[in-house]
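Computed from heavy atoms alone, side chains included, the values below leave out hydrogens, waters and symmetry copies. First listed ligand is number 1; within each ligand, the first listed atom is number 1.
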Amino acid sequence: MKVLVTGGAGYIGSHTCLELLRQGHDIVVADSLYNAKPEALKRIRELSKRDFQFYEIDIRNEAELERVFAEHAFDCVIHFAGLKAVGESVGLPLKYYDNNVGSTITLCRVMKNNKVKRIIFSSSATVYRPGVLMPVDETAELGCSSPYGWTKFMCEQILRDVVTAYPDWSVVLLRYFNPIGADPSGRIGEDPTGIPNNLLPFVTQTALGRHDKLQIFGNDYATHDGTGVRDYIHVADLADGHVAALQFVMNHKGCEAINLGTGIGYSVLDIVNTFEEVNKVKVPYVISPRRPGDVDAVYAKPDKAKKLLGWEAKRTLDDMCRDSWHWQSNNPQGYQEG
Ligand code: NAD
Ligand code: WQD
């Protein structure tokens, strides 16, 4: 298949591009490089031993996006492009709505103009109303606690409405849980700018000595050890999930929301302990107050992905911790090392 990958230079996009190329698909990447480095694209080429075209564009720019579609006949679009910092979105809601919702509307319009009718969208477990029963399945009530979350909620609704209006479209809304890990080569991985918001980059940077201590946000949650529980999923499993979703959209019409998680919840302390054990490094930590907005536990019921896509996560927590550290220790400055 020939696939346009928006946001393909980013963390999840780069791993998915690599897997698509390995599986013999052709890709074209469109990314503004707002939160990514061209080095990631170079390394995807190096690992896959294949070439592909890259457009450095903001996909809200309709004329530039039209040019991409004029130059290629796509079977499908995988739409990763978006801003993802939950905390930042609270202070900068308009920036988030403009980028995430605006880009999705422009993309759908250009797809419509060019008769491209299949799209796989990066949604998030954050669309589930805080407090819903765990494990959460796709029928659970929706509702968000940040502008970022609402952008995902709104994009989902826009895509559902598009399918209602154009029933020959095929849309898959993939709701990711907590992606961590990296390609086992250690050549591509997560490269956040500034101080990381998410747990794993903070753990790896603390192990490197870049931070004195990891702050564990709360140890009085109703979980097995009091620290927050999440459904961590290896980014390479996510990449496989996208390849499976690509097969699915080729053979189905309509709109499906599908969880991509493992179904297993691990606590912050499980992560720290496993990371230390597998990698033989220390992650000094201190227990801090709860982070506002956090909940005790979030983990998926992953059955629908198995049923519809024939996909389930295969990698273990040991794999996730080992591969995260392999990437970070080989690239202490991320892609800046060149
Ligand atoms: P990322 O920031 O690494 O990748 C996103 C990419 O999109 C970046 O390369 C960025 O430069 C690009 N981009 C952003 N706005 C753009 C625009 N208007 N035009 C062109 N390119 C643009 O993030 P990621 O972790 O790889 O996440 C990919 C997608 O998955 C995002 O939509 C994110 O919201 C979603 N998601 C991520 C997580 C997570 O924890 N990483 C969880 C659930 C959902
Ligand atoms: C995980 C756990 C923290 C940092 C976020 C988004 C979600 C999705 C994935 C995009 C929690 C604890 C964290 C630290 C800690 N992204 N923690 N110390 O909040 O589950 O989900 O990323 O769609 O929408 O909200 O992920 O990695 O921030 O936190 O103790 O320095 O680690 O309290 O229990 P979260 P996270």
Considering non-hydrogen atoms of the protein only, which is the closest contact for [atom], and what is the distance?
atom	value
atom 19 (N) of ligand 1	Ile59 N, 3.0 Å
atom 5 (C) of ligand 1	Gly82 O, 3.8 Å
atom 24 (P) of ligand 1	Lys84 NZ, 3.7 Å
atom 12 (C) of ligand 1	Asp31 OD1, 3.4 Å
atom 4 (O) of ligand 1	Gly10 CA, 3.5 Å
atom 21 (N) of ligand 1	Ser32 N, 3.1 Å
atom 34 (O) of ligand 1	Tyr148 OH, 2.7 Å
atom 37 (C) of ligand 1	Ile12 CD1, 3.7 Å

Has ligand 1 got any nitrogen or oxygen that is less than 3.5 angstrom from a nitrogen or oxygen of [X]?
X	result
Ser103	no
Asn35	yes
Phe80	yes
Ala9	no
Ala81	no
Tyr11	yes

For this session: Classify the contact between Ala125 and ligand 1 as side chain, backbone, both or neither, using a heavy-atom distance cut-off of under 4.0 Å.
Result: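 Neither; nothing of Ala125 gets under 4.0 Å from ligand 1.
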Exercise. At a non-hydrogen distance cut-off of under 4.0 Å, which region of Asn198 contacts ligand 1 (side chain, backbone, both, or neither)?
Worked result: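 The answer is neither.
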To check you understand the geometry: which heavy-atom pair defines the closest contact between [X] and [Y], and what is its length?
X	Y	answer
Ser288	Gln215	OG-OE1, 2.8 Å
Tyr335	Asp191	N-OD2, 3.2 Å
Val283	Ala207	CG2-CB, 4.3 Å

Problem set entry | Heavy-atom nearest option to atom 17 (C) of ligand 1, drawn from Asp98, Ile233, Thr126, Asp58 |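 Looking at heavy atoms only, the winner is Asp58.
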For this session: Would you confirm whether Arg118, through its side chain, and Asp75, through its main-chain N or O, come within 3.5 Å as a donor-acceptor pair?
Result: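 Pair found, side chain donor or acceptor close to backbone of Asp75.
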Exercise. Is the side chain of Asn279 donor-acceptor paired with the backbone N or O of Cys321 at a distance under 3.5 Å, no angle test?
Worked result: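 Such a contact is found between Asn279 side chain and Cys321 backbone.
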For this session: Determine, using the 4.5 Å side-chain heavy-atom cutoff (strictly less than), whether Ile158 and Phe153 are members of one ILVMFWY cluster.
Result: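 Ile158 and Phe153: one cluster.
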Exercise. Does one hydrophobic cluster hold both Val229 and Tyr128, with members joined at side-chain heavy-atom distances below 4.5 Å?
Worked result: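 Hydrophobic grouping puts Val229 with Tyr128.
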Tell me whether ligand 1 is touched by [X] - counting only heavy atoms on the residue side and a distance under 4.0 Å.
X	answer
Thr6	no
Ser14	no
Ile57	yes
Lys152	yes

Within the 4.0 Å heavy-atom shell around [X], which atoms of ligand 1 are there?
X	value
Tyr34	11 (O)
Ser122	29 (C), 30 (O), 32 (O), 35 (C)
Ser123	43 (C), 44 (C)
Ala36	9 (O)
Leu33	11 (O)

Exercise. Does atom CD of Glu277 have more than 12 heavy-atom neighbours, drawn from other residues, nucleotides or ligands, at distances under 6.0 Å?
Worked result: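 Not more than 12 within 6.0 Å, no.
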For this session: Hey, can you tell me if Phe248 and His252 have their rings parallel, tilted or perpendicular (30° and 60° cut-offs)?
Result: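 Phe248 vs His252 ring planes: parallel.
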Problem set entry | Mutual orientation of the aromatic rings belonging to Phe69 and Phe74 [parallel < 30°, tilted 30-60°, perpendicular > 60°] |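 Perpendicular, since the angle between the ring planes exceeds 60°.
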Exercise. Can you name the residues that come within less than 4.0 Å of ligand 2, going by heavy atoms only?
Worked result: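 Residues within 4.0 Å of ligand 2: Val86, Ser124, Thr126, Tyr148, Asn178, Asn197, Asn198, Leu199, Leu214, Gln215, Ile216, Phe217, Gly228, Arg230, Tyr232, Val268, Arg291, Asp294.
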Exercise. Roughly how far, to the nearest 0.5 Å, is CD of Glu190 from OH of Tyr11?
Worked result: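 Result: 5.0 Å between the selected atoms.
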Exercise. Rounded to the nearest 0.5 Å, how far apart are NE2 of His15 and NE2 of His242?
Worked result: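 Going from the NE2 atom of His15 to the NE2 atom of His242 covers 12.5 Å.
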Problem set entry | Side-chain heavy-atom pair Leu238, Asp240 within 4.5 angstrom cut-off |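 A side-chain contact is absent here, since even the closest heavy-atom pair is not under 4.5 Å.
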For this session: Quickly, which of Leu107, Val249, Val162, Leu173 forms a side chain to side chain contact (heavy atoms under 4.5 Å, CB included) with Ile119? Name it, please.
Result: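 That would be Leu107; it is the only one of Leu107, Val249, Val162, Leu173 passing the side chain to side chain contact (heavy atoms under 4.5 Å, CB included) with Ile119.
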Exercise. Picking from Asn114, Leu4, Val28, Val116, what satisfies side chain to side chain contact (heavy atoms under 4.5 Å, CB included) with His72?
Worked result: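 Only one of Asn114, Leu4, Val28, Val116 forms a side chain to side chain contact (heavy atoms under 4.5 Å, CB included) with His72, namely Val28.
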Hey, can you pull the donor-acceptor pairs under 3.5 Å for the side chains in residues 83-95, sequence neighbours left out?
from	atom 1	to	atom 2	distance (Å)
Glu88	OE1	Tyr96	OH	2.4
Ser89	OG	Val86	O	2.7
Ser89	OG	Tyr148	N	3.0
Lys95	NZ	Tyr34	OH	2.7

Exercise. Honestly, is Lys112 close enough over Tyr166, meaning NZ or CZ under 6.0 Å from the six-membered ring centre and within 45° of the axis?
Worked result: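 Judged by the rule, Lys112 and Tyr166 form a cation-pi pair.
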For this session: Cation-pi check, Arg45 to Phe52: give yes when NZ or CZ is under 6.0 Å from the six-membered ring centre and within 45° of the ring axis, no otherwise.
Result: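 Flagged: Arg45 positioned over aromatic ring of Phe52.
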Exercise. Would you say the side chains of Ser122 and His79 form a donor-acceptor pair under 3.5 Å?
Worked result: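 No, no side-chain donor-acceptor contact under 3.5 Å.
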